[in-house]
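Report on the following structure.
Only a predicted model underlies this, so the values are computations on that prediction, with no experimental measurement involved.
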Amino acid sequence: SDWILRSFVDQAHVNGLFEMAKRLIDILGGLVGTILTALVAPFIVLTILLDSGRPILFFQKRLGQNGREYDIIKFRTMRTDAEAKGASWATKEDPRVTRLGRFMRKTRIDELPQAINVLIGDMSMIGPRPERPQFFSKLETSIPLYIERTYGILPGITGLAQVRQGYDETVEDVRNKVGWDHAYAARIDSFWSWLKTDLSIAFETVSVMVRGRGQ
């Protein structure tokens, strides 16, 4: 019994150190992202105004860690009437996306304001995709272990699912992304495995941004 107790204490200690390290990196990344956003914001604000007018920012409900709801922040990339007929997934060559919005999505510039979500603790720099509440019930019913993908893990601005796959156009697309989300969770079972995985995803994300492969 003493050995079992020590095992739980040791694991709790490791988990605590892991959470502290990940949060520290998130804070540093969030600060860098916020500074970068502030530097490019004047140019982005001006171009959005010239391209499609107000609003500049886009707020959308998402489900985060353990199903907690929060507002995600992005630069607006779609027309203001994009969801006049209700919520729907984005598609390739989506006609609702503005001319500037298409460029921002390819380079992931539209996601820079999410650094604020990271700083306040809604998100992590790297983690599973955050889902919209409107789609959650259907996906939870259709995909086994769907809700478990964010259990105990903050959703990320980027992650395996975000860099390995494009838009969600069908439930099957989401099913594939859930596989990537669970693959990420499986790779962070130790400190060094987590660090190696997150660094790999970070470099891959930079590659996506530079090459304009974002979606």
Side-chain angles (χ1 to χ4, degrees), residues 19-65 68-80 82-83 90 94 96-133 150 153-168 184 195 197-215:
E19 290 175 1
M20 288 176 59
K22 189 165 177 62
R23 182 57 186 155
L24 177 60
I25 291 177
D26 281 342
I27 291 173
L28 293 175
L31 286 171
V32 171
T34 301
I35 292 171
L36 182 58
T37 302
L39 291 174
V40 302
F43 305 99
I44 295 177
V45 169
L46 178 61
T47 50
I48 291 177
L49 285 174
L50 292 174
D51 184 56
S52 58
R54 289 187 171 86
I56 305 301
L57 295 176
F58 175 69
F59 297 86
Q60 190 177 73
K61 295 292 182 184
R62 295 292 177 96
L63 295 177
Q65 186 177 27
R68 185 176 66 85
E69 193 172 283
Y70 71 98
D71 288 305
I72 203 170
I73 311 170
K74 291 186 178 186
F75 286 119
R76 182 174 61 82
T77 59
M78 286 190 171
R79 302 193 316 260
T80 55
E83 295 196 333
D94 197 316
R96 299 174 299 169
V97 179
T98 65
R99 292 172 298 175
L100 176 63
R102 207 169 300 283
F103 169 76
M104 289 197 292
R105 287 185 170 217
K106 286 184 177 296
T107 56
R108 296 282 181 86
I109 290 175
D110 63 312
E111 298 184 355
L112 285 176
Q114 290 177 65
I116 298 172
N117 288 118
V118 173
L119 281 179
I120 63 180
D122 289 330
M123 300 181 70
S124 176
M125 295 298 294
I126 297 174
R129 302 168 304 105
E131 190 55 78
R132 299 181 63 178
T150 54
I153 303 177
L154 284 171
I157 296 178
T158 187
L160 279 178
Q162 293 92 315
V163 298
R164 298 290 174 83
Q165 192 171 321
Y167 289 115
D168 297 334
Y184 174 74
L195 187 60
T197 299
D198 274 22
L199 286 174
S200 174
I201 294 172
F203 284 122
E204 195 166 348
T205 300
V206 172
S207 174
V208 167
M209 295 175 68
V210 171
R211 295 167 63 186
R213 292 175 46 236
Q215 298 188 57

- Least distance between heavy atoms, Thr80 atom then Pro55 atom: CG2-CD, 3.7 Å
- Query: For Glu111 and Ile157, which heavy atoms make the closest approach, and how far apart are they?
  - Reply: OE1-O, 3.5 Å
- Query: What residue pairs, at least two apart or across chains, pass salt bridge (charged side-chain N to carboxylate O under 4.0 Å, His left out) with a residue in residues 117-126?
  - Reply: Arg68-Asp122
- Query: Rounded to the nearest 0.5 Å, how far does CG of Asn117 lie from CD1 of Ile72?
  - Reply: 6.0 Å
- Message: Under the salt bridge (charged side-chain N to carboxylate O under 4.0 Å, His left out) definition, can you give me all pairs with a residue in residues 41-59, not counting sequence neighbours?
- Response: Asp51-Arg99
- Could you please spell out the steps behind the side-chain contact (heavy atoms from CB on, under 4.5 Å) verdict for Gln162 and Val208? CA-CA 10 Å; Gln162 293 92 315; Val208 167; over 6 Å; no
- Phe58 CZ to Ile48 CD1 distance, which is reported to the nearest 0.5 Å: 12.0 Å
- Item | Greater than 12 external heavy atoms within 6.0 Å of Phe59's CZ | yes
- Task: Would you check if Val118 and Gln114 make a side-chain contact, meaning some heavy-atom pair closer than 4.5 Å?
- Result: no
- Output all residues satisfying side chain to side chain donor-acceptor pair (under 3.5 Å) with Gln60, sequence neighbours left out; order by chain, then residue number. Arg62
- Message: Going by the rule side chain to side chain donor-acceptor pair (under 3.5 Å), which residues pair with Lys74 if we only count those two or more places apart in sequence or in a different chain?
- Response: none
- Item | Donor-acceptor under 3.5 Å (Thr98 side chain, Thr77 main chain) | yes
- Message: Counting C-beta onward and ignoring hydrogens, is there a side-chain heavy-atom pair between Leu28 and Val32 closer than 4.5 Å?
- Response: no
- Item | Nearest-0.5 Å distance, CD1 of residue Ile44 to CG of residue Leu39 | 10.5 Å
- Item | side-chain contact (heavy atoms from CB on, under 4.5 Å) assessment of Val45 paired with Leu49 | CA-CA 6 Å; Val45 169; Leu49 285 174; 4.0 Å; yes
- Item | Point-to-point distance, once rounded to the nearest 0.5 Å, from CD1 of Ile27 to OG of Ser124 | 11.0 Å
- Message: Is the shortest side-chain heavy-atom distance between Asp110 and Phe103 below 4.5 Å?
- Response: no
- Item | Closest non-hydrogen atom pair between Leu119 and Arg23, with its separation | O-NH2, 2.8 Å
- Message: Looking at every heavy atom in both Ile109 and Pro113, which two are closest together, and how far apart are they?
- Response: O-CD, 4.2 Å
- Query: Just wondering, do Lys22 and Leu154 contact through their side chains at under 4.5 Å, heavy atoms?
  - Reply: no
- Over 12 foreign heavy atoms within 6.0 Å of OH, Tyr70: yes
- Note on the structure: Between Gln65 and Ile153, the two heavy atoms sitting closest are NE2-N, 3.5 Å
- Quick one: pull up CG in Leu195 and CD1 in Ile25 and give me the separation to the nearest 0.5 Å. 6.0 Å
- How many angstroms lie between atom CG of Leu46 and atom CD1 of Ile56, to the nearest 0.5 angstrom? 9.0 Å
- Quick one: salt bridge (charged side-chain N to carboxylate O under 4.0 Å, His left out) pairs with a partner in residues 27-46, sequence neighbours left out? none
- Message: Measuring only between side-chain heavy atoms, which start at C-beta, is Asp94 closer than 4.5 Å to Met78?
- Response: yes
- Residue pairs involving residues 32-45 (criterion salt bridge (charged side-chain N to carboxylate O under 4.0 Å, His left out); sequence neighbours excluded): none
- Item | Least distance between heavy atoms, Gly33 atom then Ala115 atom | C-CB, 3.6 Å
